[in-house]
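One structure is given below, encoded as structure tokens.
All heavy atoms count here, side chains included; hydrogens, waters and symmetry mates do not.
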Amino acid sequence: YGIHTGHQIVNNGKVSIINNTPEQTTIEYTPNEYFIVNNAGGELTIKNIKIDSIYGINNAGTLNLEKIEVNASNTAIKNTGNISAENNIILTGTSYPIYNDGGESIVQDVTLTGNQIYNNSGSLTLKNGSTERSGNRIQKFITNNGTLILDSFTATLTNIITSSNSTNGYAETIYNTGTLSIINNSTIRHIAQSESYSFVDNVATIYNDGGNTNIENSTIIADSTGLRSHSYATLGIYNPSGSTTVITGTIESLGKNRSYGI
């Protein structure tokens, strides 16, 4: 069953929104603003709820989520505070499933769907989950300028090329200028494919641009063998500056032309 509302929820204190029934309750919110705003100093707990809205949750305080689905036509969660989320977390945002801009957040058992995952600052851990995106000439999927930890996490970018325009030299699954850790059997992929068009950019899975990337017991895959033609390089990790440390794991570069692990 569902609830339709035009009233925004704004919290400055301590509030719990809990559905104790077996079925997840759906709340639909249509105004062009965040449905839930948890301000700095607020402590908000939400359990067993699905939110359908343009913008989902804007958190600047402490946010606790359990068995939550946010389906937003723009941004599912924008965060400058602290998030603890677990147990079947589904975040869908046409622009951003999560836009993290501060604080310390751990999101577990999570599925993310959207155009870009953005960790601008703060610490964000994505654990026991997955994300994937496919489209034409995607330059960046996950951007990290803060601290990003991918723990038992799978991220897949599939570039399906339908034109021969450039994306400014490189296209990558993760663009990192901060601190990036990929651990505990995580798998990060970039697959480029086209039967009709060539790809006039380098295919990279991780672009470490002055940041620190640490990989342990995980797999990095770059694959351009599905392209009609590709005169540029395929790289598991591109590290023009900064530091990349691989302790254990596998780096695969499957190129149509030139291939480099790192």
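Residues Leu91 and Ile77 meet the side-chain proximity criterion, which asks for heavy atoms closer than 4.5 Å. Here the side chains of Ile49 and Ile27 are in contact, with some heavy-atom distance below 4.5 Å. The shortest distance between side-chain heavy atoms of Ile220 and Ile182 falls below 4.5 Å. Using a 4.5 Å heavy-atom threshold, the side chains of Ile46 and Ile57 count as touching. Between Ser84 and Ile106 the shortest side-chain heavy-atom distance does not fall below 4.5 Å. Looking at Ile36 and Leu63, their side chains never come closer than 4.5 Å, going by heavy atoms from C-beta outward. Between Thr131 and Pro97 there is no side-chain heavy-atom pair separated by less than 4.5 Å. Between Thr219 and Arg189 the shortest side-chain heavy-atom distance does not fall below 4.5 Å.
Taking Glu66 as the reference, Lys47 meet the salt bridge (Lys or Arg N to Asp or Glu O under 4.0 Å) condition, with sequence neighbours excluded. For Tyr232, there are no side chain to side chain donor-acceptor pair (under 3.5 Å) partners, not counting sequence neighbours. Taking Asn202 as the reference, nothing meets the side chain to side chain donor-acceptor pair (under 3.5 Å) condition, with sequence neighbours excluded. Every residue two or more places apart in sequence or in another chain that forms a side chain to side chain donor-acceptor pair (under 3.5 Å) with Thr162 is listed here: Asn136. For the side chain to side chain donor-acceptor pair (under 3.5 Å) test, residues two or more places apart in sequence or in another chain that qualify with Ser224 are Thr234.
In this structure, the separation between CG on Leu180 and CG on Leu150 is 6.0 Å, given to the nearest 0.5 Å. The line from CD1 of Ile206 to OG1 of Thr244 is 7.5 Å long, rounded to the nearest 0.5 Å. Remark: Asn59 CG to Lys78 NZ distance equals 11.5 Å, nearest 0.5 Å. Arg133 contributes atom CZ, which lies 11.5 Å from atom NZ of Lys140 (distance to the nearest 0.5 angstrom). Here the straight-line distance linking atom CG of Asn185 with atom CG of Asn128 works out to 10.5 Å at 0.5 Å rounding. A distance of 11.0 Å separates NZ of Lys67 from CD1 of Ile89, quoted to the nearest 0.5 Å.
Side chain of Asn257 to main chain of Ser231: a donor-acceptor pair is present (N/O by atom type, distance under 3.5 Å, no hydrogens or angles). Not one N or O on the side chain of Arg228 forms a donor-acceptor pair closer than 3.5 Å with the backbone of Ser194. Using a distance-only test at 3.5 Å, with no hydrogens or angles considered, no donor-acceptor pair links the side chain of Thr92 to the main chain of Asn71. Not a single donor-acceptor pair under 3.5 Å links the side chain of Asn184 to the backbone N or O of Asn217. Of the possible donor and acceptor atoms, none in the side chain of Asn145 sits under 3.5 Å from a partner among the backbone N and O of Gly178. Here the side chain of Ser253 pairs a donor or acceptor atom with the backbone of Tyr260 at under 3.5 angstrom. Between the side chain of Asn159 and the main chain of Ile138, a donor-acceptor pair closer than 3.5 Å is present. Judged purely by atom type and a 3.5 angstrom limit, Ser105 uses its side chain to pair as donor or acceptor with the backbone of Ile83. Of the possible polar contacts, none joining the Lys256 side chain to the His230 backbone as a donor-acceptor pair under 3.5 Å is found. Asn48 places a side-chain N or O within 3.5 Å of a backbone atom of Thr21 that can act as its donor or acceptor partner.
Environment of CD in Glu132: sparse, with no more than 12 heavy atoms of neighbouring residues, nucleotides or ligands closer than 6.0 Å.
As a member of the Ile/Leu/Val/Met/Phe/Trp/Tyr network built from side-chain separations under 4.5 Å, Ile149 groups with Ile183. If you chain together ILVMFWY residues whose side-chain heavy atoms come under 4.5 Å of each other, Ile191 ends up in a group of its own.
The heavy-atom pair separating Pro31 from Gly6 by the smallest distance is CG-O, 4.1 Å. Across all their heavy atoms, Ala72 and Gly56 have their closest contact at CB-N, 4.2 Å. Of all the heavy atoms in Leu157 and Glu172, the pair that sits closest is CD2-O, 3.5 Å. Scanning both residues, Glu43 and Asn38, for their nearest heavy atoms gives N-OD1, 3.9 Å.
Within the structure, side-chain hydrogen bond (donor to acceptor under 3.5 Å, both in side chains) pairs that include any residue of residues 203-213 comprise Tyr175-Asp209, Asn176-Asn208, Asn176-Thr213, Asn208-Thr213, Asn208-Asn239 (at least two apart or interchain). Residue pairs meeting the salt bridge (Lys or Arg N to Asp or Glu O under 4.0 Å) criterion with at least one partner in residues 98-109, sequence neighbours excluded, are absent. Applying the ring pair (Phe, Tyr, Trp, His ring centres under 6.0 Å) definition to pairs two or more places apart or across chains, none involves residues 122-154. Listed by first then second residue, pairs satisfying ring pair (Phe, Tyr, Trp, His ring centres under 6.0 Å) with a partner in residues 110-134 read Tyr99-Tyr118, not counting sequence neighbours. Residue pairs meeting the ring pair (Phe, Tyr, Trp, His ring centres under 6.0 Å) criterion with at least one partner in residues 27-48, sequence neighbours excluded, are Tyr29-Phe35, Tyr34-Tyr55.
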field: Ile161/Arg137 under side-chain contact (heavy atoms from CB on, under 4.5 Å): CA gap, chis, key distance, verdict
entry: CA-CA 6 Å; Ile161 313 306; Arg137 313 204 65 81; 3.2 Å; yes
